[in-house]
Amino acid sequence: MPTVTEILETMDYGPAPEATTEVRAWLAARVRFGHFINGDFTAPGQTFATTNPATGEPLAKVSQGTPADVAAAVAAARKAQPKWAALSGHERATWLYAIARHIQKRERFLSVLEVLDNGKPIREARDIDLPLVIRHFYHHAGWAEILADEFPGAAPQGVCGQIIPWNFPLLMLAWKIAPALAAGNTVVLKPAEYTPLTALAFAEICAEIGLPKGVVNIVTGDGDTGAALVTAPVDKIAFTGSTEVGRVIRRATAGTGKSLTLELGGKSPFIVFADADLDAAVEGVVDAIWFNQGQVCCAGSRLLVAEAVVADFTARLTARLGKLRVGDPLDKCTDIGAIVHPVQLARIRDLVARGEAAGARLVQAEAQLPAKGCFFAPGFLTGAQPANPAMVEEIFGPVATLTTFRTPDEAVELANNTRYGLSASIWSENITLATDIAAKVKAGVVWINCTNVFDAGAGFGGMRESGFGREGGREGIAAYLRAPSPKPLAEAAPAPLDAAPMPGTPAGEGIDRTAKLYIGGAQKRPDGGYSYAVAHRGRELGLAPLGNRKDIRNAVEAAHKAAAWGKATGHNRAQVLYYIAENLSARQAEFEARLKEAGHDKAEVAATIRRAFWYAAQADKFDGAVHATKSRHVTLAMHEPWGVMGIACPNAAPLLGFASLVLPAIATGNRVVAIPAPSMPLAATDLYQVFDTSDLPGGVVNIVTGDRDDLARTLAQHDDVAALWSCGPDPAMIEAESAGNLKATWVLPNRDWHGPQGQGRDFLAHAVQVKNIWIPYGE
Amino acid sequence: MPNTPAFTTATPATQMGTAPAPHNPGVPLATDWFDRIAINTPAAERRAETLTTRRSLKKEWQAAWLVNAIRCMDLTTLAGDDTEARVERLCAKARNPLADHILEGLGLGAMQTGAVCVYPTMVAAAVRALEGSGIPVASVATGFPAGLMPLDLRLAEIHYAVDQGAQEIDIVITRAHVLRADWAALYDEIAAMRAACGPAHMKAILATGDLKTLRNVYKASMVAMQAGADFIKTSTGKEGVNATLPVSLTMVRALRDYGARTGLRVGFKPAGGMKTAKDALAWQILMKEELGTDWLRPGLFRLGASSMLADIERQLEHHVTGRYASSSRHAIA
């Protein structure tokens with residue numbers, strides 16, 4: 001050890017190691033772990049080692065969960081669920097409160113254990129992970145208490161299968177378990193194979209407080225165990241992890257009726273405008289990509305910097321990079337710890353090398369890396385063009401790309417030039433500009449002049465291929481609840497559509513009426529040039545176009561061009577919906593006759609008029625919230641339309657079913673491509689004249705008639721459709737085909753569309769995604 | 001002393017202390033260096049909060065850094081009831097800030113504080129009491145603490161203090177010039193004070209508690225440096241809020257930016273409100289992280305403090321003996 005005199009020369013920091021005695025004693029007393037099922041630990045099965053990535057030392061052996069283990073855990077959760085759900089909210093709140101208290105009392109123990117298993121710096125585990133974990137359980141104790149008041153009529157999903165990643169092991173556990181339990185669900189959670197230990201310690205805490213058996217079950221293992229959980233008889237799967245695995249899970253659960261939320265990858269923009277506090281933005285980079293070794297799904301990994309300040313910013317960033325300390329995660333002076341596993345380290349190296357090979361230049365800290373263990377010196381890549389793999393793929397390591405933009409428009413264009421949409425960070429002292437950009441970026445979470453700020457009271461989750469669903473806040477607890485289910489009404493499969501002429505089925509009297517596709521506000525002939533006869537009881541009512549995939553393509557393009565609808569005020573949209581109701585009312589008798597002629601209930605018309613009024617009323621009222629999160633922050637939970645939605649309409653109520661789905665979608669600002677009832681599409685195509693006379697901008701509603709299953713499949717496969725509602729087509733097909741761009745799907749059973757189940761806030765909630773915008777304030 | 005060499009790390013540690021950095025000659029007023037400066041207060045606060053949680057000092061390192069704080073300390077008395085005898089007592093502590101057994105336990109020879117800081121009428125007494133020690137006497141001047149006196153009287157006060165033997169002058173600025181964004185007036189005033197200081201080093205007290213916003217702090221810092229301040233200093237100790245880490249962060253970033261533009265090195269002195277050994281470590285961590293080790297030497301860094309030394313001495317006694325210490329066993333300042 002150097003002397004005081006020597007240190008006075010160097011003014012070095014010296015080692016400041018966190019003690020591990022208590023945690024090592026705990027590990028030594030256990031050595032091999034079983035699963036935590038039905039309130040007890042099972043005997044260890046076939047085990048694998050979990051290691052300390054900073055040293056490579058094995059820490060413990062954990063069991064590889066088999067399908068039988070998963071089945072036992074799910075059975076225990078299933079058995080426990082009714083009783084857990086039957087507890088009063090207050091009783092569940094006391095359990096969650098007890099969990100929070102016990103974690104708080106073991107805060108340092110869990111921090112140290114997390115560091116050993118994961119490699120993150122002790123400062124982060126101690127100051128960020130654990131406080132957020134504790135806050136999450138307290139917050140959700142509150143939700144349990146007031147659940148019945150805040151979500152009247154809602155029921156828990158049931159048994160939730162939860163699969164979490166290795167980057168924030170205990171925090172992700174908290175994000176999953178706290179809301180599930182608060183809402184009355186029981187859980188089977190699989191921690192990541194690299195980092196199972198804090199979940200097992202959490203299981204011991206559950207046992208310690210005497211949590212009812214089976215409410216929390218922990219099964220350890222690798223991806224095979226996770227796959228077994230996904231296919232097990234659970235009611236909901238909540239997954240946080242890679243987009244690749246998320247897609248597999250989407251396909252595996254397709255058509256099973258399991259609720260699904262996915263928190264996936266990201267390649268989030270970090271936008272620095274010329275008027276930003278550049279030192280603050282540089283520090284933001286430290287908290288973004290140089291946080292948790294860059295192993296953060298919402299890390300600001302694409303630095304987009306105004307050309308006007310890029311030289312200054314880069315100089316400051318490079319200087320700051322030189323101050324980062326890389327090394328022993330247990331040292332209290334360490335900024336960058338160990339990469340979680342050699343596999344990840346190899347992946348980071350590979351992606352950075354590919355980025356360099358594609359023309360980027362790596363600026364890297366000249367850090368002395370420890371001789372052993374998984375370490376990667378932090379840095380950033382300059383000169384990466386949009387197609388560079390380092391710009392496109394999630395590196396999941398402490399390396400960002402740095403590129404420039406010229407104007408705010410270009411910043412948005414670059415920011416959104418990605419398949420992901422998890423978060424964005426915006427740096428500008430101009431609040432007008434910053435909020436404008438916040439509205440324009442595709443991201444579930446937007447941080448203005450800050451980054452990686454979290455709170456249990458605000459929703460977190462992505463758009464696009466970053467997944468769907470939110471964790472935290474009102475929107476997060478809602479994802480663990482089921483709205484009262486409508487009584488399903490069986491719908492007969494539509495008869496096959498026939499493009500051949502139907503002699504002997506005389507059409508109606510008068511001048512022949514032509515139904516066309518309605519695309520971009522214009523009546524269009526179908527691309528294929530075919531039509532099919534719409535008939536009732538052997539009588540031809542008219543011909544409807546037989547739309548094909550190219551018509552869907554054109555409709556989606558038209559819908560994208562109508563983007564202004566999403567920016568219109570709620571009042572403007574309401575005016576259009578009222579006008580639709582007014583013009584439909586003027587033609588009520590004609591529409592009623594048409595329905596009657598087709599054998600449908602003429603009351604659909606009056607109901608549609610009322611429904612248009614109801615959604616017009618909601619258009620400027622279904623607004624977001626301001627979450628109570630941290631002091632001196634406003635956290636705005638904005639309702640944002642999906643953008644372009646596909647809607648496959650029920651066959652049973654050709655007018656009202658169409659209206660019940662299309663109206664809430666457009667009331668909230670979406671543009672839709674709707675496939676009307678195949679057996680009676682004329683009820684919908686008749687409407688386009690109403691739309692035309694009601695000032696509905698072209699492209700907001702597009703109607704493509706034809707084979708509903710084929711057209712819905714094309715919509716599901718379309719990468720530029722953000723969400724798909726489907727009533728009728730095979731749910732398995734819809735959900736599996738939607739995995740391509742991980743579009744949000746809502747598969748609705750047919751129902752009595754006249755009743756309350758045909759209308760309501762649930763429809764509106766499915767028509768929007770929540771964007772949480774964080775704005776710290778102070779001069 | 002324009003040719004005084006910059007501090008080098010080759011100087012024996014315990015003798016380092018008083019050699020000041022070369023004077024900052026200043027530059028013409030350039031408002032474009034700061035008039036569009038962006039300082040985001042929540043971000044500055046966040047950085048300030050995490051500075052001390054990102055770094056930790058233990059054992060010998062902690063002891064060394066506390067000793068360094070003493071080397072960089074302007075041991076201060078600025079009270080209405082100051083007498084020559086009280087100043088003599090303070091000077092005695094400045095000469096021997098740590099008890100012998102602590103020095104011995106730390107393996108250190110004699111050491112002393114960076115300076116002693118007093119009112120102008122106490123300078124002569126301080127100079128006498130510090131004779132032969134090499135410890136410079138710093139005097140506040142220019143109508144400390146409010147500075148609301150005619151400029152000629154304020155300049156005369158500087159001349160008086162220098163004549164009495166002060167080697168460092170801690171001036172206060174006219175806050176009104178900052179609040180009214182009258183940068184030319186502020187520049188001219190400080191430049192005149194700089195000239196009046198002659199060979200003495202000048203520390204410009206910005207009274208940041210009165211300036212309120214971090215943008216004001218940055219702008220005032222930059223004008224003071226352009227006008228030739230050798231140090232920029234946070235506070236008189238008499239404002240409602242004195243040295244804080246976010247304000248200090250803003251000031252050291254300003255002096256870093258000034259250095260980047262001019263190649264000139266300016267020192268930083270937080271003052272007021274820092275009472276604990278923990279504070280001493282926090283501000284040193286700020287200096288090392290934002291500027292580098294050169295700003296941990298008394299030539300470029302001073303801590304303006306009165307009661308902090310007692311806490312440091314107790315912590316160092318604990319380091320040496322392993323027992324928690326009582327101030328009653330240590331000589332008071």
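Below, chain A is the first sequence line, B the second, and so on; all start at residue 1.
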Inset, instruction - Please name the residue in the list A:K332, A:Q293, A:E18 that meets the side chain to side chain contact (heavy atoms under 4.5 Å, CB included) test with A:P121. - result: A:Q293

Inset, instruction - Assert yes or no for the condition that the ring centre distance of A:F460 to A:F454 is strictly below 6.0 Å. - result: yes

Legend entry - Non-hydrogen atoms of A:P329 and A:A54 that approach each other most closely: CD-CB, 3.5 Å

Legend entry - Gap separating the CD atom of A:Q364 from the CD atom of A:E366, nearest 0.5 angstrom: 9.5 Å

Inset, instruction - Against chain B, label A:A315 side chain, backbone, both or neither, depending on which of its atoms sit under 4.5 Å from a heavy atom there. - result: neither

Inset, instruction - Among the options B:E290, B:R215, B:Q284, pick out the one with the most heavy-atom pairs lying under 4.5 Å from chain A. - result: B:R215

Legend entry - Interface residues of residues 428-438 of chain A facing chain B - heavy atom cut-off under 4.5 Å: A:E429

Legend entry - Options B:N40, B:I37, B:T41, ranked by heavy-atom pairs under 4.5 Å with chain A, top entry: B:N40

Legend entry - A:E779 versus chain B, the contacting section by heavy-atom distance below 4.5 Å: both

Legend entry - Which portion of A:P2 sits near chain B, non-hydrogen atoms under 4.5 angstrom: both

Legend entry - Contact class of B:R54 relative to chain A, heavy atoms under 4.5 angstrom: both

Inset, instruction - Any chance you could lay out the side chain to side chain contact (heavy atoms under 4.5 Å, CB included) test for B:L206 and B:S221, step after step, and finish with the verdict? - result: CA-CA 7 Å; B:L206 306 180; B:S221 298; 3.3 Å; yes

Legend entry - Portion of B:Q62 that has a non-hydrogen atom of chain A nearer than 4.5 angstrom: neither

Inset, instruction - Applying salt bridge (charged side-chain N to carboxylate O under 4.0 Å, His left out), name anything that partners A:D277, two or more places apart in sequence or on another chain. - result: none

Inset, instruction - Pick one of side chain, backbone, both or neither for B:R46, based on which atoms fall under 4.5 Å of a heavy atom in chain A. - result: side chain

Legend entry - Residue pairs involving residues 57-66 of chain B (criterion salt bridge (charged side-chain N to carboxylate O under 4.0 Å, His left out); sequence neighbours excluded): none

Legend entry - chain B contact via A:R325 - side chain, backbone, both or neither, heavy atoms under 4.5 Å: both

Inset, instruction - Examine whether an atom of B:D257 lies under 4.5 Å from a heavy atom of chain A, and if so say whether it belongs to the side chain, the backbone or both; otherwise answer neither. - result: side chain

Inset, instruction - Taking salt bridge (charged side-chain N to carboxylate O under 4.0 Å, His left out) as the test, write out the residues that go with B:R261, two or more places apart. - result: none

Inset, instruction - Counting only heavy atoms closer than 4.5 Å, note whether B:L296 contacts chain A via side chain, backbone, both or neither. - result: side chain

Inset, instruction - Determine the interplanar angle of the A:F380 and A:W290 rings, folded into 0 to 90°, and report it as parallel if under 30°, tilted if 30 to 60°, perpendicular if over 60°. - result: tilted

Inset, instruction - Could you tell me which portion of B:I285 (side chain, backbone, both or neither) has an atom closer than 4.5 angstrom to a non-hydrogen atom of chain A? - result: both

Legend entry - Euclidean distance, B:W283 CH2 relative to B:W65 CH2, rounded to 0.5 Å: 14.5 Å

Legend entry - Interface moiety of A:D279 toward chain B, non-hydrogen atoms closer than 4.5 Å: both

